[in-house]
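First the structure, in the form of structure tokens, and then the observations on it.
Small disclaimer: the values here were computed from a predicted structure and weren't measured. Letters A, B, ... are given to chains in the order of the sequence lines, protein chains preceding strands, and every chain is numbered from 1. For the numbers below, each heavy atom of this structure counts, side chains included, while hydrogens, waters and symmetry mates do not.
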Amino acid sequence: MSNIVFMGTPQFAVPILKKINQKYKINCVFTQPPSKSNRGQKFTKSSIHICAEELNLEVKTPKKIDEEFEYLKELNLDLVIVVAYGQLFSKKILDLSKRGFLNIHASLLPKWRGAAPIQRSILNNEKKTGISFMKIDEKLDSGPVCNKYSIDILDQDNAEILSEKLSYLSTEKILENVQKVLDGEAIFKEQDHSKATYAKKIQKIEGKIDWNNSARKIIAQINGLYPKPGAWFELNNKRYKILKAKKNKQSATIGEVIDEQMTIACGENSINIIEIQKEGKNPQLIKEFLLGNKVRKGTIITSE
RNA sequence: CGCGGGGUGGAGCAGCCUGGUAGCUCGCAAGGCUCAUAACCUUGAGGUCGGCGGUUCAAAUCCGUCCCCCGCAA
């Protein structure tokens, strides 16, 4: 019986944890500590935290992983599996596991190392992305890779859908990779560091739509930032988040509402809004939205 | 106690400030027009105005309280 610890935090990692739990005994699950968040500043547990409790697994939530050095050492670890945990590891910690720390990263490394690979790949209008199984070293997503699996990015893919697809792909491939690593049969190859690019954390301001951009770019922005933080604009001091949209060939003055369906002109072409959310309201299909919100043809939406 | 918006027929909203016959855009049903229609015309059904309590001759509207949804911020 191997000693395995799982470390992860967001929803993306949940199906993967469940899958591993089906086959292996997991000694403990590490995740980020509950933080004050959301409306009313309530303490919120991470998705993995909740899942681990449901699976009756032991949960540890150190602010800094080093706090649990002794605990991890006692476990006499064979393998640590890391999926979007959110902390870097020191050499001291990494040396505690015989087979190292196996990480799933949601990009085709060395491309898009870092925090937001899924969003960045869509924002950048890329055609494909994927997942990489790699061994963690001290630097950010720079360790050697043993397997990569790619997937096409479709026009209708937004960050949520793509995340689900990649998460699903990960669950399909996780067991065979874990087994190989445990058996010492996995072959890890050094990344080509000269080709590394970084997927910086998403900042909320990136969601603000600049209508001078092309429709293509704006749609990438809408899809890449769905559902959070979302791409938005302001009109009459209210914030409107565009959840789904598609490209339209018409063009007009930048930011102009071209028709009664709220098609909005961009720097190049225009976009048809499919789903929209006004601040304080639930998301609505554009048809429903327009029944109660009159946005007249000819209105100019500024990017200020 | 982080800031704020909202809960009104099946859907989306207005009305609330300045209490006094419940309205709009749709949907639905029936009929009409039409070669025909998602178009147009006529008629109709459908609402304890989130719950409870208070003020008042009278509360969707004012006051209190509770429940639920959401945006921002972190």
Side-chain angles (χ1 to χ4, degrees), chain A residues 8-13 30-50 59 61-65 67 84-88 114-116 118-120 122-123 158-161 163-164 199-211 218-219 221-246 248-250 255-264 271-299 301-304:
Chain A
T9 299
Q11 178 59 35
F12 180 87
F30 277 60
T31 189
Q32 294 300 331
S35 57
K36 274 192 179 183
S37 63
N38 290 323
R39 224 168 286 131
Q41 299 292 104
K42 287 171 188 154
F43 274 96
T44 310
K45 291 178 182 176
S46 74
S47 298
I48 281 292
H49 194 151
I50 293 165
V59 178
T61 62
K63 274 210 174 79
K64 298 197 70 175
I65 189 80
E67 293 168 18
Y85 176 52
Q87 285 188 38
L88 289 174
I118 299 172
Q119 289 94 326
R120 293 294 171 200
I122 295 177
L123 286 168
N158 58 39
E160 183 177 70
I161 294 171
S163 175
E164 279 170 15
K200 277 183 290 190
K201 237 170 87 175
I202 301 289
Q203 295 194 297
K204 304 201 184 205
I205 193 66
E206 293 179 63
K208 183 164 183 159
I209 293 174
D210 180 350
W211 297 102
I218 290 173
I219 286 172
Q221 185 181 11
I222 292 165
N223 288 334
L225 301 179
Y226 181 95
K228 285 186 175 179
W232 49 272
F233 63 86
E234 279 178 352
L235 181 62
N236 299 328
N237 276 326
K238 294 273 188 234
R239 185 179 288 211
Y240 295 84
K241 205 184 269 188
I242 302 179
L243 304 176
K244 285 176 191 157
K246 65 180 182 202
N248 185 300
K249 291 252 166 62
Q250 284 175 275
E256 182 177 357
V257 177
I258 301 177
D259 57 24
E260 303 299 335
Q261 282 71 50
M262 229 182 137
T263 297
I264 302 173
I271 60 167
N272 284 129
I273 297 175
I274 297 170
E275 203 175 330
I276 191 168
Q277 181 172 25
K278 186 180 181 179
E279 70 175 61
K281 306 297 264 182
N282 287 312
Q284 299 176 299
L285 294 176
I286 191 66
K287 190 181 158 197
E288 298 171 334
F289 173 80
L290 289 170
L291 289 174
N293 295 271
K294 302 302 173 197
V295 179
R296 288 199 189 122
K297 179 177 170 180
T299 302
I301 299 170
T302 63
S303 307
E304 291 310 307

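- A 3.5 Å limit on both hydrogen-bonding distances identifies B:G71 as the Watson-Crick or G-U partner of B:C3.
- Residue order along RNA chain B, read from the 5' end via each residue's closest nucleotide, puts A:Glu288 first among A:Glu288 and A:Lys228.
- One C1' atom belongs to B:G53, the other to B:G20, and the distance between them is 23 Å to the nearest Å.
- Remark: the separation of the C1' atoms in B:U55 and B:U65 is 15 Å, to the nearest Å.
- Remark: A:Glu275 engages A:Lys244 in a salt bridge (charged side-chain N to carboxylate O under 4.0 Å, His left out) (not counting sequence neighbours).
- A:Thr263 pairs by the side chain to side chain donor-acceptor pair (under 3.5 Å) definition with A:Asp259, A:Asn272, not counting sequence neighbours.
- For the side chain to side chain donor-acceptor pair (under 3.5 Å) condition, the pairs that include at least one residue of residues 277-289 of chain A, sequence neighbours left out, are A:Lys278-A:Asn293.
- The footprint of chain A on RNA chain B, defined by a heavy-atom cutoff below 4.0 Å, extends from B:G2 to B:A74.
- Residues passing the side chain to side chain contact (heavy atoms under 4.5 Å, CB included) test with A:Thr9 are A:Thr31, A:Gln32, A:Ser46, A:Tyr85, sequence neighbours excluded.
- A:Glu256 meets the side chain to side chain donor-acceptor pair (under 3.5 Å) test with A:Thr253; sequence neighbours excluded.
- The partner of B:A29, taking Watson-Crick or G-U wobble pairs whose two distances both stay under 3.5 Å, is B:U43.
- Rounded to whole Å, the separation between the P atoms of B:G5 and B:A45 comes to 38 Å.
- B:C69 and B:U37: their C1' atoms are spaced 39 Å apart (whole Å).
- Rounded to whole Å, the separation between the C1' atoms of B:C68 and B:C28 comes to 28 Å.
- Under the rule for a side chain to side chain donor-acceptor pair (under 3.5 Å), A:Thr299 has no partner lying at least two apart in sequence or in another chain.
- Applying the ring pair (Phe, Tyr, Trp, His ring centres under 6.0 Å) criterion to A:Trp211, with sequence neighbours excluded, gives A:Phe233.
- At most 12 non-hydrogen atoms from other residues, nucleotides or ligands lie less than 6.0 angstrom from NZ of A:Lys249.
- The same atom, C1', is picked in B:A30 and in B:C67; the two are 40 Å apart, to the nearest Å.
- The shortest heavy-atom contact between A:Leu290 and A:Glu260 is CD1-O, 3.2 Å.
- With both ends at atom P, the span from B:G2 to B:G12 equals 30 Å, rounded to whole Å.
- For B:G64, the paired base is B:C52 (Watson-Crick or G-U wobble, both distances below 3.5 Å).
- A heavy-atom distance below 4.0 Å to RNA chain B is reached by these residues of residues 236-244 of chain A, ordered by number: A:Arg239, A:Lys241.
- B:G47 and B:G23 are spaced 12 Å apart, taking the C1' atom of each and rounding to whole Å.
- Proximity of residues 33-47 of chain A to RNA chain B (heavy atom under 4.0 angstrom from any strand atom) is restricted to A:Lys36, A:Ser37, A:Asn38, A:Arg39, A:Gly40, A:Gln41.
- A donor-acceptor pair is defined here as one N or O able to donate and one able to accept, closer than 3.5 Å; such a pair exists between the side chain of A:Thr44 and the backbone of A:Lys42.
- The partner of B:U34 is absent, by the rule that a Watson-Crick or G-U pair needs both atom distances under 3.5 Å.
- Applying the salt bridge (charged side-chain N to carboxylate O under 4.0 Å, His left out) rule to A:Glu234 yields no partners; only residues at least two apart in sequence or on another chain are considered.
- For the salt bridge (Lys or Arg N to Asp or Glu O under 4.0 Å) condition, the pairs that include at least one residue of residues 201-210 of chain A, sequence neighbours left out, are A:Arg120-A:Glu206.
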